[in-house]
Amino acid sequence: MEDLEFKEEEENLKETVHKFKESIFYYEQRAKAVPKLYKGNDVMIENFINMYDEKMRLIYKNIDKPYFARIDFKRDNEKNLEKIYIGKVGVTDEDNNIVTVDWRAPISSIYYDSNIGRTKYIAPDGICEGELLLKRQFNIENQKLISYQDVDTVANDELLKPYLSSSADNRLKNIVSTIQKEQNEIIREPLNKNIIVQGVAGSGKTTVALHRIAYLVYNYWDTVKPNQYLVIGPNKFFVSYISNVLPDLDVDNVNQLTYDELCKEYINVDFSLISEDEKIKQYIKNPNSLNFQNLKVSMEFKNALDRYIEEIDKNIIPNKNIEIKGYVIFSSEFIKNTYNSIKNHVIYDNIEKKVNRTKLLLQKYIEDNLDNIKENLQSQFKEKTKDVSNEIKYKEMDTLSSIEKELSKGFKQRLNKFFNQLLPNIYKTYITFLSRINEYIDLSNYNIKNEDVNYNIKNLKSKKVEFEDLSSLIYLKTCINGIGEYANYKQVAIDEAQDFGDFNFVALKKLLSNATFSIFGDLAQSIYQYRGIKNWESVQNKAFNNKCEIKNLHKSYRTTTEIMNCASNITKHLGLNVAEPVIRHGKDVEFINFSDIDEQIKMIENILEEYLKEDFKTIAIICKDEDEASQISKKLNKKFNSVNITDSDTMYNGGICVITSYLAKGLEFDGAIVSNASKLKYDENNDMEMKLLYVAMTRPLHELKVLYDNELAKPLDNML
């Protein structure tokens, strides 16, 4: 019976591949016919050809493995059983019969969420109930059926092992066939819902975030375009790392930016972001030295900025009349009263809108009261010319006549000139705020010195910006100029969000006010103690007014049980949640003592040779800071072709890399080496150092070697 079923599945696979080829041929013919069908309409021709090319590309890309699962589903009140084959792309034949169903389709959720027996799913026209009779998972390579397994649930560690054992460069692409129930629930949350996902290291936060975008693009294609989605990553290197995944998931044109790139794009100022490396070292030496950075991402700072913005709003109209050659058209008092009559509400929610509204009201006033204005001008004329010669009087009459003509034409040019110069430059305005900050907040309450502020101002004047300045720059511009085209965004996914402060989220929510948010992070990896959040509830409350659900991913799929159990010593020490690893065993974590830099390099070289023999495609030597990374990289390059990744890099194409733990956050590698986990490097009493070590130890998929100088860091010394 089993052999017969295997043969049947082989025949189905052959038939499916044949239908994929037929579909490619069908779209080729359609593409060739387009120029004749739409002759003369170049835009239509280009659009249709691009559409058919994209369909062919996706089908061709998936033809070697057209599906990964099958479900047999019998709907209530229907006689026929549906055999549904699920793949990364949905394909129909020329007669519109379903060949494969896209993993993002509503019915596919049965595969991820349901056990054999009674089940239901949410279809576009309502809830569909029925009986799930079969759930089958396939192993297909190069159009050949290798094996299949009938399963009750996808959440089976044994079934996951082949996928988790693969190399790092394939794992992001393989996840659609192994999405777990807890992950699937997050991916398929509706577009209009804000969610925060607290996920342990290796729980698939990044892949879930990207697959959620792919799911939403597929299911909301008729109302939301791909360019209305935004992914915010922690650094350029990380954004580059994930950038090839979305096209593989049939998603193009989704914007991917770092927080500073978003800020730079929005405020239209070309600045450089100050490296975190020096700040991390500074904080470790003296946590109080970065109190100002901590304040700048807090709600207290936002409240101080609000008071400053109120002052700008109050004084935006200068004590200056609108007049021409001594003739007052509008007094400053009249202009101010008109501006102040416009109350802040949903329509006029920024200063620029109120300024523009004031200009329109004055134009309307001229239109409705032109005769009265002319009478007033005549009175001014009489006053000016009562004791002057006829020659001067005639000149004044000419002036008055030209003014009246200008008023009759609407006076727009003169009003534009007056109002367009009122709105302040955002970047300079922020510097002014910092120079007057003591008027809005008592820095002594936060143990902050004026020299800290002055140093910040000096950097800003040189176009050097700290991450902690970004929320203020964004918030200032939204309050003064509004959000403009950023109103078009409908969904924002933020990865590594634990490194944002409360104000970062509030500023983002104000800028992207028409979007819902999917926020992903891990408090155990909150390595920037001087700015990161302490708990998700504060974000839920302050940025979303509690209209946001916190979800958890407890299971770690990345590392072996041995690596995860070892790293969990640190989370236990910090009093944080311990990850639950998938039961996938590997080699024990090896701890190696060294006495000097030369011995350290020799040990790293030996480990690299071992990893390369095991055919590891991605290998990381993870250091605490840039100085250590640079030193090791220079010595290694004499023998190995390695790359030292810094925060200015955007590409990593595999091989050996040397990287700091804070840049490695969110990434994964086949094998990793922690270059020095000694007690002197990582202080057990410093939460930030402990989190840096935790991040470093949770990067590898398969093997981890930990080097240390003389004495191993305290939370790990029980492993020796």
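The structure displayed is predicted, hence computed values, not measured ones.
With rounding to the nearest 0.5 angstrom, the CD1 atom of Ile342 is 11.5 Å from the CG atom of Asn337. Note that CG of Leu377 is 6.0 Å distant from CG of Leu400, once rounded to the nearest 0.5 Å. If you take OG on Ser518 and CD1 on Ile195, they are separated by 4.0 Å, rounding to the nearest 0.5 Å. Rounding to the nearest 0.5 Å places CG of Leu273 at 6.0 Å from CG of Leu470. Distance check, rounded to the nearest 0.5 Å: CG of Asp398 to NZ of Lys393 gives 13.5 Å. Separation of atoms CG (Asn425) and CG (Asn268) is listed at 10.0 Å; rounding is to 0.5 Å.
Contact check for Asp270 versus Lys463: no side-chain heavy atoms found under the 4.5 Å cut-off. Residues Val224 and Leu216 fail the side-chain proximity criterion, which asks for heavy atoms closer than 4.5 Å. Using a 4.5 Å cut-off on side-chain heavy atoms (C-beta onward), Val197 and Val208 make no contact. No side-chain heavy atom of Leu476 sits under 4.5 Å from any side-chain heavy atom of Phe433. At a threshold of 4.5 Å between non-hydrogen side-chain atoms, the residues Ile324 and Glu406 count as touching. Proximity of Tyr455 to Asp452: side-chain heavy atoms (C-beta onward) are nowhere separated by under 4.5 Å. Contact check for Cys263 versus Phe271: side-chain heavy atoms found under the 4.5 Å cut-off. Contact annotation: the side chain of Asn376 never approaches that of Asn372 to less than 4.5 Å [non-hydrogen atoms, C-beta and beyond].
Checked against the 6.0 Å centroid criterion, the rings of Phe517 and Phe544 qualify as a close aromatic pair. Between Tyr339 and Tyr348, the distance separating the two ring centers is not shorter than 6.0 angstrom. Aromatic rings from Tyr489 and Tyr229 are positioned such that their centres are separated by 6.0 Å or more.
Around CG of Leu37, the count of heavy atoms belonging to other residues, nucleotides or ligands within 6.0 Å exceeds 12. Within 6.0 Å of atom NZ in Lys359, more than 12 heavy atoms from other residues, nucleotides or ligands are found, so the atom counts as buried in its surroundings. Surrounding CE of Met397 are at most 12 heavy atoms belonging to other residues, nucleotides or ligands under 6.0 Å away. Counting non-hydrogen atoms of neighbouring residues, nucleotides and ligands closer than 6.0 angstrom, the CD atom of Glu391 reaches no more than 12 such neighbours. More than 12 heavy atoms of other shown residues, nucleotides or ligands fall within 6.0 angstrom of atom CG in Asp442.
Closest of all the heavy-atom pairs between Tyr38 and Met44 is CE2-CE, 3.6 Å. Across all non-hydrogen atoms, the minimal contact from Phe503 to Ser298 is CB-O, 3.6 Å.
A salt bridge links Asp313 to Lys354: at least one charged side-chain nitrogen sits closer than 4.0 Å to a carboxylate oxygen. Using a 4.0 Å cut-off between a side-chain N of Lys or Arg and a carboxylate O of Asp or Glu, Arg531 and Asp499 do not qualify as a salt bridge. A salt bridge is defined here as a Lys NZ or Arg NE, NH1 or NH2 lying under 4.0 Å from an Asp or Glu carboxylate O, and Glu549 with Lys193 meets this definition. The pair Glu311-Arg436 meets the salt-bridge criterion, since a charged nitrogen lies less than 4.0 angstrom from a carboxylate oxygen. Note on Glu185 versus Arg188: no salt bridge recorded, every NZ/NE/NH1/NH2 to OD/OE distance being 4.0 Å or above. The pair Glu468-Lys279 meets the salt-bridge criterion, since a charged nitrogen lies less than 4.0 angstrom from a carboxylate oxygen.
Without hydrogens or angle criteria, Glu46 side chain to Val43 main chain gives no donor-acceptor distance under 3.5 Å. For the pair Asn219 (side chain) and Arg104 (backbone), a donor-acceptor distance under 3.5 Å is present. Using modelled atom types, no side-chain atom of Ser538 and backbone atom of Lys534 make a donor-acceptor pair closer than 3.5 Å. Side-chain N or O atoms of Glu496 include none that pairs as donor or acceptor with a backbone N or O of Pro234 at under 3.5 Å. A side-chain donor-acceptor contact under 3.5 Å links Gln198 to the backbone of Leu523. With hydrogens and angles disregarded, a donor-acceptor distance shorter than 3.5 Å links the side chain of Lys205 to the backbone of Gly199. Remark: the backbone N or O of Lys395 is paired with a side-chain donor or acceptor of Thr399 at under 3.5 angstrom. Between the side chain of Gln491 and the backbone N or O of Thr516, at least one donor-acceptor pair lies under 3.5 Å. A donor-acceptor pair under 3.5 Å links the side-chain atoms of Asn321 to the main chain of Ser332, judged by distance alone. Remark: the backbone N or O of Glu189 is paired with a side-chain donor or acceptor of Arg212 at under 3.5 angstrom.
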**Request:** Please assess Asn350 against Thr478 for the test side-chain contact (heavy atoms from CB on, under 4.5 Å), listing each intermediate value before the final yes or no.
**Result:** CA-CA 7 Å; Asn350 63 74; Thr478 60; over 6 Å; no

**Item:** side-chain contact (heavy atoms from CB on, under 4.5 Å) assessment of Phe330 paired with Ile366
**Value:** CA-CA 10 Å; Phe330 294 113; Ile366 291 170; 3.6 Å; yes

**Message:** Run the side-chain contact (heavy atoms from CB on, under 4.5 Å) test on Ser526 and Ile533 for me, step by step, so that the C-alpha distance in whole Å, both residues' side-chain angles and the decisive distance to 0.1 Å come before the verdict.
**Reply:** CA-CA 8 Å; Ser526 180; Ile533 59 157; 5.6 Å; no

**Message:** Assess the residue pair Leu230 and Leu512 against the criterion (side-chain contact (heavy atoms from CB on, under 4.5 Å)); give the C-alpha distance rounded to whole Å, side-chain angles, the decisive distance to 0.1 Å, and a yes or no.
**Reply:** CA-CA 10 Å; Leu230 172 65; Leu512 305 161; 4.1 Å; yes

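One side chain, Glu276 or Tyr530, offers a donor N or O that lies under 3.5 Å from an acceptor on the other. Side-chain contact of Asn438 with Asn450: a donor-acceptor pair under 3.5 Å is present, judged by distance alone. Checked by atom type, the side-chain pair Asn481/Glu352 shows a donor-acceptor distance below 3.5 Å. Side-chain atoms of Gln293 and Glu466 form a donor-acceptor pair, as typed in the model, at a separation below 3.5 Å. A donor and an acceptor atom, one from each side chain of Asp469 and Tyr430, are located under 3.5 Å apart. For Ser275 and Asp277, the side-chain atoms include no donor-acceptor pair closer than 3.5 Å. With hydrogens and angles left out, the side-chain atoms of Gln380 and Gln378 include no donor and acceptor closer than 3.5 Å. No donor-acceptor contact under 3.5 angstrom links the side chains of Lys490 and Asn514, judged on distance only. Side-chain contact, Asp495 with Thr206: a donor N or O sits under 3.5 Å from an acceptor N or O. For Asn541 and Glu537, the side-chain atoms include no donor-acceptor pair closer than 3.5 Å. Defined by atom type and a distance below 3.5 Å, a donor-acceptor pair is missing between the side-chain atoms of Lys225 and Asn488. Defined by atom type and a distance below 3.5 Å, a donor-acceptor pair is present between the side-chain atoms of Tyr486 and Glu265. Under 3.5 Å, the side chains of Glu300 and Tyr446 contain no donor-acceptor pair of N or O atoms. Side-chain polar atoms of Tyr327 and Glu396 form a donor-acceptor pair below 3.5 angstrom. Side-chain contact of Asp306 with Tyr475: a donor-acceptor pair under 3.5 Å is present, judged by distance alone.
Cation-pi geometry between Lys477 and Tyr266 is met: under 6.0 angstrom from the ring centre, within 45 degrees of the axis.
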